Structures are given as structure tokens and as C-alpha cells.
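Here's the structure, in C-alpha cells; my notes come after.
In this text the structure is predicted, and so the values were computed from the model without any measurement. The figures that follow rest on heavy atoms only: side chains count, while hydrogens, waters and symmetry mates do not. We're numbering straight along the sequence, starting at 1.
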Amino acid sequence: MDEHEFLAQSFEEHRTRLKAVAYRMLGSLSEADDAVQEAWLRLSRTDEEIDNLGGWLTTVVARVCLNMLRSRQSRREEPQGPRVPDPIVDPVAGTSPEHEALLADSVGLALFVVLEKLTPAERMAFVLHDVFAVPFDEIAPIVDRSPDATRQLASRARRRVRGAPTPDANLEAQSEVVEAFFAAARDGDFEGLIAVLDPDVVLHADRGAFPLGASQEIHGAEAVARQAQAYSRVDLVIQRALVNGSPGVVTTRDGELFSVGGFTVRGGRIVEIDFLADPERLSRLDLTIFDR
């Protein structure tokens, strides 16, 4: 095995973790792949001696992701409203081992929606330290802060992340609640919808960049129930799925992918619904496991 082959093999041993870091940072599967590929290109070109390859690669991926986040913030084509991350979609039979590694113990889209609201530096500090156990003194140079200031970034992020709803532990029970939601919507049963929705439920619908898209954030059981009734009148084909490890759906219209949605169920009621309906981003998802 020559030096290049050895380097490539060593890199592959870290690929899954690097993509998990990048996905948590970016909320985009395609951009996460780009960040990991950039790390490989930099590794293949470097002449420096690397004592800790995993740490070196994590730092490179983190810097690339930070630049991507800052660039994203400065672009006008970002949605004027909630940004729902790229969902990780599996059949209801279970999450694949590859996707389990990407989720890194996080279940549901709700946490990722909160991460989207952090500043790039806050997100970096929180993800690297709290999720992947990178010390603050290693994160500090990446975000151009002192270790103490970096610790404060993570602390602010942590307080906001605590507001993300945690789903019930029983996946089957969650699925039953979501099934009841769709049954009530299909039957036009407004009271049935109210019964499975938390009074403070939040619906995020990311339809893409303004002005072509019209992203929404809807609060309250009655408002969400009315929205569900409206969509029940649209000719959609609904397929059950696991979305980021929680109950969700893949919907199509006239044979074309229309949306992917995830549900967060807590205390036997739906507390958050997150839908991605941005045609451009949907087109980049790998949903070959579903027949359209």
C-alpha cells in the first residue's frame, strides 16, 4: 500500500463522523458532503506532519462549515421565515446504520430547527463541544475567540437548545398519534385534530427562498388544525416514513415529490410539525427507497 492509499484509507475511517459533524453544523446533507470532500482535498495536498488525524480533520471540516454558515447568512436567497434542515428519511421499518451515525443520538427535526436559529459561532461551539466532545481550547481558534468566550457561546446555545421539545420515548405510541392526526384531517374532523395537537403546537413549513417561496411558522392548535384541513383537500399521496428517527411522511403530488415532514410527539400530543417543501432542496434528497 503506497502513501496515498494509506491516507485515503485513514480518511475513510473518519468519514462518517466528519459527515455527522458537518450535518449538525449545516443542516444540509449535500453541503455536509461538500465539506467532507473539501477536508479530503486539503488532507491530500498538505505537507504538514499530522499527529492526530481525527482532530485535524474535524478542525478542517469545522472551519469549512463555519465559512458556509456565514456565507449562507449573507445571501439574500435564504428563506424569509423558518429554515427546516434537510431531513434524514428512512422507511418505517427502521433507521439505517448510516443514518443512525449521522443523527448522533439526536431524534426528530425539532432540535435541528433550533440549531438553525443560532449564530454560526454559537452553533459551532455547541455542536463541537456538547455533541462531539471537542475541548473549548481547540474550538476557540476556529471561532476566533478565547476559550472562556467560546464557553459562553456554547452556554448561550445550550439555553436555546433546551427549548427544543423532546419526543416521547415510545416510537409506536408516537406513530399512533400521527396516524390519528392524518385520519382526523382526512375526515374533516376538526375536534379530532384538536385532540391530538398540543395547545401550543408549532408548525414550520419551509417552502424555499423568497420571493418564490413562502415559508410559514404557525402557532396554536386551532390554526394548525385549520391548515391541516386545508391540505387534506389537496390531492396528495402520503407515505409514512421515519424522519430523523421520528414519525413522518413523504408526500407526492401528480407523481412528483411535494414535501417531507416530521412530527414531534410529547405527552401523547403533537408539539411540533416541521415540513420541507422547497422544490430545489427536495430534488437533492435521496428518496429512492420510496416508490413515487
Rounded distance [0.5 Å steps], [atom1] in [X] versus [atom2] in [Y]:
X: Asp189; Y: Phe181; atom1: CG; atom2: CZ; value: 12.0 Å
X: Asp254; Y: Leu236; atom1: CG; atom2: CG; value: 9.5 Å
X: Ser155; Y: Asp148; atom1: OG; atom2: CG; value: 12.0 Å
X: Arg158; Y: Asp130; atom1: CZ; atom2: CG; value: 4.0 Å
X: Leu276; Y: Leu282; atom1: CG; atom2: CG; value: 4.5 Å
X: Arg15; Y: Gln37; atom1: CZ; atom2: CD; value: 6.5 Å

Under 4.0 Å between a side-chain nitrogen and a carboxylate oxygen: does that hold for [X] and [Y]?
X: Glu116; Y: Arg72; answer: yes
X: Arg284; Y: Asp86; answer: no
X: Asp235; Y: Arg253; answer: no

Could you check if a side-chain atom of [X] sits within less than 4.5 angstrom of a side-chain atom of [Y], using non-hydrogen atoms only?
X: Thr251; Y: Gln239; answer: no
X: His99; Y: Leu102; answer: yes
X: Ile50; Y: Leu43; answer: yes
X: Phe258; Y: Thr252; answer: no
X: Thr264; Y: Leu109; answer: no
X: Leu171; Y: Leu242; answer: yes
X: Gln152; Y: Ser146; answer: no
X: Val271; Y: Val201; answer: no

Name all residues meeting the side-chain contact (heavy atoms from CB on, under 4.5 Å) criterion together with Glu49; count only those two or more places apart in sequence or in a different chain, and write none if there are none.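 side-chain contact (heavy atoms from CB on, under 4.5 Å) check on Glu49 returns Asp51.
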Could I get the full list of side-chain contact (heavy atoms from CB on, under 4.5 Å) partners for Val202, not counting sequence neighbours?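 So Val202 forms a side-chain contact (heavy atoms from CB on, under 4.5 Å) with His204, Glu217, His219.
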Please tabulate, one pair per line, all N/O donor-acceptor pairs under 3.5 Å involving side-chain atoms of residues 52-59, not counting sequence neighbours.
{"residue": "Asn52", "atom": "OD1", "partner": "Gly54", "partner atom": "N", "Å": "3.4"}
{"residue": "Asn52", "atom": "OD1", "partner": "Gly55", "partner atom": "N", "Å": "3.0"}
{"residue": "Trp56", "atom": "NE1", "partner": "Glu48", "partner atom": "OE1", "Å": "3.3"}
{"residue": "Trp56", "atom": "NE1", "partner": "Glu48", "partner atom": "OE2", "Å": "3.4"}
{"residue": "Thr58", "atom": "OG1", "partner": "Arg17", "partner atom": "NH1", "Å": "2.9"}
{"residue": "Thr58", "atom": "OG1", "partner": "Gly54", "partner atom": "O", "Å": "2.8"}
{"residue": "Thr59", "atom": "OG1", "partner": "Gly55", "partner atom": "O", "Å": "3.0"}

Would you please test Glu31 and Met25 for side chain to side chain contact (heavy atoms under 4.5 Å, CB included) and show each step? CA-CA 10 Å; Glu31 288 182 349; Met25 282 297 309; over 6 Å; no
Can you list, by chain and residue number, the hydrophobic cluster partners of Phe190 when the side-chain cut-off is 4.5 Å?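 Joined to Phe190, directly or through intermediates: Ile194.
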On the six-membered ring of Phe126, is Arg160 placed so that its NZ or CZ lies under 6.0 angstrom from the centre and within 45° of the ring axis?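 No, cation not above the ring by the 6.0 Å, 45° rule.
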Would you find a donor on one side and an acceptor on the other, under 3.5 Å apart, between the side chain of [X] and the backbone of [Y]?
X: Ser71; Y: Met68; value: no
X: Thr95; Y: Gly245; value: no
X: Arg159; Y: Ala154; value: no
X: Arg70; Y: Ala121; value: no

Would Leu128 and Ile142 count as a side chain to side chain contact (heavy atoms under 4.5 Å, CB included) here? Give the steps. CA-CA 11 Å; Leu128 290 182; Ile142 301 174; 4.1 Å; yes
According to the ring-ring contact (aromatic ring centres under 6.0 Å, His included) rule, which pairs have a member within residues 30-52, sequence neighbours left out?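 Checked against ring-ring contact (aromatic ring centres under 6.0 Å, His included) - neighbours excluded - the pairs reaching residues 30-52 are His4-Trp40, Phe11-Trp40.
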I'd like to know whether CD of Glu13 has more than 12 heavy-atom contacts from other residues, nucleotides or ligands below 6.0 angstrom.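 Buried by this count: over 12 neighbours within 6.0 Å.
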Does atom CD of Glu280 have more than 12 heavy-atom neighbours, drawn from other residues, nucleotides or ligands, at distances under 6.0 Å?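 12 or below, so no.
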Consider only side-chain N and O atoms of Arg42 and Thr46, and report whether a donor and an acceptor are under 3.5 Å apart.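 On atom types as modelled, these side chains do not qualify, holding no pair under 3.5 Å.
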side-chain contact (heavy atoms from CB on, under 4.5 Å) partner of Pro87, chosen from Val260, Leu29, Val250, Leu287: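 Only match with Pro87 under side-chain contact (heavy atoms from CB on, under 4.5 Å): Val260.
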Determine, using ring centers only, whether Phe275 and Tyr231 are less than 6.0 Å apart.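 Ring-ring flag for Tyr231/Phe275: false, centres at least 6.0 Å apart.
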What heavy-atom pair brings [X] and [Y] nearest, and what distance separates the two atoms?
X: Pro167; Y: Gln174; result: CB-OE1, 3.8 Å
X: Ser44; Y: Leu7; result: CA-CD2, 4.1 Å
X: Ala125; Y: Thr150; result: CB-O, 3.8 Å
X: Ala164; Y: Ala110; result: CB-O, 4.2 Å
X: Leu26; Y: Arg83; result: O-NH1, 3.8 Å
X: Leu66; Y: Met124; result: CB-CE, 3.4 Å

Non-neighbouring partners of Arg269 that pass side-chain hydrogen bond (donor to acceptor under 3.5 Å, both in side chains), sequence neighbours left out: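 Partners of Arg269 by the side-chain hydrogen bond (donor to acceptor under 3.5 Å, both in side chains) criterion come out as none, since no residue qualifies.
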Do you reckon [X] sits in the same ILVMFWY cluster as [Y], going by side-chain contacts under 4.5 Å, direct or chained?
X: Leu285; Y: Val84; value: yes
X: Val265; Y: Val196; value: yes
X: Val161; Y: Leu103; value: yes
X: Ile88; Y: Val249; value: no
X: Leu41; Y: Val64; value: yes

Sort out for me which residue in Arg156, Arg151, Lys117, Arg145 forms a salt bridge (charged side-chain N to carboxylate O under 4.0 Å, His left out) with Glu122.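 Among the candidates, only Arg156 passes.
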Look at the aromatic rings of Tyr23 and Phe112 and report parallel, tilted or perpendicular, splitting at 30° and 60°.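 Plane angle between 30° and 60°, so tilted.
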For Glu272 and Arg266, run side chain to side chain contact (heavy atoms under 4.5 Å, CB included): C-alpha distance rounded to whole Å, both residues' side-chain angles, the deciding distance at 0.1 Å, then the answer. CA-CA 9 Å; Glu272 184 164 318; Arg266 185 177 63 192; over 6 Å; no
Check the pair Asn244, Asp274 against side chain to side chain contact (heavy atoms under 4.5 Å, CB included), reporting the backbone distance first and the verdict last. CA-CA 11 Å; Asn244 286 57; Asp274 299 297; over 6 Å; no
